[in-house]
Engineer: 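This structure is in C-alpha cells; I'll ask about it shortly.
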Amino acid sequence: MDIEIFPHRLLSADTTEKLLNDLEELDGVKRMVIQGQRLPEDENNPDRRVITILGEEVDLQVKTGRVLMEIEREGVIDDVKDICEDLLPFGYNIHVGTFIRKQKTVTDDIKYGESVNDLPDEMVGLTDQNAQLSERATIIKKKD
C-alpha cells in the first residue's frame with residue numbers, strides 16, 4: 001500500500017530532514033521517495049545541502065513538495081498523521097493509492113539494457129528514467 005503526504009507548502013531542508021527521520025523510525029515503512037522542484041547547484045542556496053537521515057548523509061537535490069511512502073499496513077497512516085501534525089502546522093493532505101512502481105518496465109529495459117536484471121528490487125520506481133541511477137537515488141538501510 002502506498003500513501004502520499006502532500007504538504008500545503010514546499011518544505012525547507014530542515015523540515016525535510018526532521019520529517020524523514022521521524023518517518024523512518026516508524027515500523028511498517030518499506031521505502032520513501034521525496035519529490036519536488038530540482039534545486040540549482042548553487043552554493044548560496046540554503047536548501048541545497050547535505051542532510052542526515054538515520055546517520056547517513058544525503059545530498060538534498062529537491063525542494064520537497066511531496067513524500068511518497070510504501071507501507072506494510074493501514075495502521076501506519078495514523079502514526080504518519082501524528083508526525084505530520086507536529087512538523088507541518090501549515091497543513092497537509094494524505095492520499096492513499098499507488099504512487100511507486102513495483103515492477104520493472106519497458107523503459108527500464110531500454111535505459112539499463114542487459115543490466116536491468118542487476119537493478120535491485122527496492123530501486124524499482126524510485127528514480128527518474130532520464131537520469132543516471134547514481135545521481136538520483138540514495139538507499140538508506142534501516143538498522144535492525
Side-chain angles (χ1 to χ4, degrees), residues 1-72 76-77 79-144:
M1 162 185 281
D2 292 350
I3 61 172
E4 170 192 51
I5 302 170
F6 196 94
H8 293 173
R9 296 182 186 167
L10 294 175
L11 304 182
S12 68
D14 290 335
T15 304
T16 298
E17 184 174 28
K18 289 175 192 169
L19 181 65
L20 294 178
N21 275 311
D22 287 355
L23 292 173
E24 275 294 332
E25 290 178 4
L26 295 177
D27 287 331
V29 175
K30 290 184 180 179
R31 56 187 181 160
M32 289 191 295
V33 179
I34 58 172
Q35 291 183 336
Q37 290 177 269
R38 191 146 173 74
L39 294 168
E41 293 186 39
D42 182 6
E43 294 177 7
N44 297 327
N45 190 326
D47 286 325
R48 178 77 188 235
R49 65 179 182 86
V50 174
I51 61 175
T52 304
I53 310 296
L54 293 180
E56 284 194 43
E57 292 186 345
V58 177
D59 183 22
L60 185 61
Q61 298 179 4
V62 297
K63 184 90 169 163
T64 305
R66 64 187 190 154
V67 179
L68 309 177
M69 300 175 63
E70 183 178 350
I71 59 175
E72 293 175 351
V76 175
I77 297 173
D79 297 332
V80 170
K81 285 181 181 177
D82 291 341
I83 291 170
C84 290
E85 288 293 324
D86 290 340
L87 297 176
L88 308 175
F90 43 80
Y92 63 93
N93 294 336
I94 293 183
H95 303 124
V96 177
T98 303
F99 302 103
I100 303 173
R101 285 188 296 113
K102 309 289 190 263
Q103 298 175 342
K104 297 173 186 162
T105 64
V106 173
T107 305
D108 292 327
D109 286 339
I110 293 169
K111 170 119 178 112
Y112 301 110
E114 290 181 17
S115 63
V116 72
N117 295 326
D118 298 334
L119 184 66
D121 289 338
E122 62 264 12
M123 292 299 293
V124 173
L126 299 186
T127 62
D128 176 5
Q129 289 87 358
N130 297 322
Q132 293 295 320
L133 183 61
S134 62
E135 296 174 356
R136 299 294 182 257
T138 302
I139 297 176
I140 301 172
K141 299 286 185 181
K142 284 191 173 188
K143 295 178 173 82
D144 294 329

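Reckoned from all heavy atoms, side chains included, excluding hydrogens, waters and symmetry mates. If you're wondering where the values come from, they're calculated on a predicted model, not measured in any experiment.
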Engineer: Indicate the atoms forming the closest heavy-atom contact of Ala13 with Pro46, along with that distance.
Structural biologist: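 Scanning both residues, the minimum pair turns out to be CB-O, 4.4 Å.
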Engineer: Looking at Asp14 and Arg49, does any basic side-chain N land under 4.0 Å from a carboxylate oxygen?
Structural biologist: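 Salt bridge flag = yes for Arg49 with Asp14.
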Engineer: Does any part of the side chain of Val76, heavy atoms only, come nearer than 4.5 Å to the side chain of Met1, both counted from C-beta?
Structural biologist: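 Contact flag for Met1/Val76 side chains = no.
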Engineer: About how many Å separate CG of Leu68 and CG of Asp2, when rounded to the nearest 0.5 Å?
Structural biologist: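 Spacing of CG (Asp2) from CG (Leu68) equals 7.5 Å.
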Engineer: Less than 4.5 Å apart, any side-chain heavy atom of Val80 and any of Val29?
Structural biologist: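 No. Closest side-chain heavy atoms not under 4.5 Å.
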Engineer: Between CG of Leu26 and CD1 of Ile83, what distance do you get to the nearest 0.5 Å?
Structural biologist: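 Going from the CG atom of Leu26 to the CD1 atom of Ile83 covers 4.0 Å.
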Engineer: Table please: side-chain donor-acceptor pairs of residues 88-96 below 3.5 Å, with sequence neighbours left out.
Structural biologist:
residue : atom : partner : partner atom : Å
Tyr92   : OH   : Lys81   : O            : 3.4
Tyr92   : OH   : Glu85   : OE2          : 2.8
Asn93   : OD1  : His8    : NE2          : 3.4
His95   : ND1  : Glu4    : OE1          : 2.7

Engineer: Any idea which heavy atoms bring Val62 and Gly36 closest together, and the distance?
Structural biologist: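 Nearest heavy atoms, Val62 then Gly36: CG1-O, 3.8 Å.
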Engineer: Heavy atoms only: give me the nearest Val67-Ile34 pair and the separation to one decimal.
Structural biologist: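 Heavy atoms of Val67 and Ile34 come nearest at CG2-CG2, 4.0 Å.
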Engineer: About how many Å separate CG of Leu19 and CD of Glu17, when rounded to the nearest 0.5 Å?
Structural biologist: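 With rounding to 0.5 Å, CD (Glu17) is 11.0 Å from CG (Leu19).
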Engineer: Is the closest side-chain heavy-atom distance between Gln61 and Arg48 below 4.5 Å?
Structural biologist: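 A side-chain contact under 4.5 Å exists here.
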Engineer: Rounded to the nearest 0.5 Å, what separation is found between the CE atom of Met69 and the CZ atom of Arg66?
Structural biologist: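 Answer for the CE-CZ pair, Met69 versus Arg66, is 14.0 Å.
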Engineer: Within this structure, what is the CG-OG1 distance for the pair Leu20 and Thr15, rounded to the nearest 0.5 Å?
Structural biologist: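 Output value for this atom pair is 10.5 Å.
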Engineer: Working to the nearest 0.5 Å, report the span between OG1 of Thr16 and CG of Asn21.
Structural biologist: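 Result: 11.0 Å between the selected atoms.
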Engineer: Using every non-hydrogen atom in the two residues, find where Pro40 and Asn45 come nearest and quote the distance to one decimal.
Structural biologist: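 Here Pro40 and Asn45 meet closest at CD-ND2, 3.8 Å.
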Engineer: Find out whether Ile5 and Leu23 are in side-chain contact, i.e. whether some heavy atom of one side chain is under 4.5 Å from a heavy atom of the other.
Structural biologist: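 In contact.
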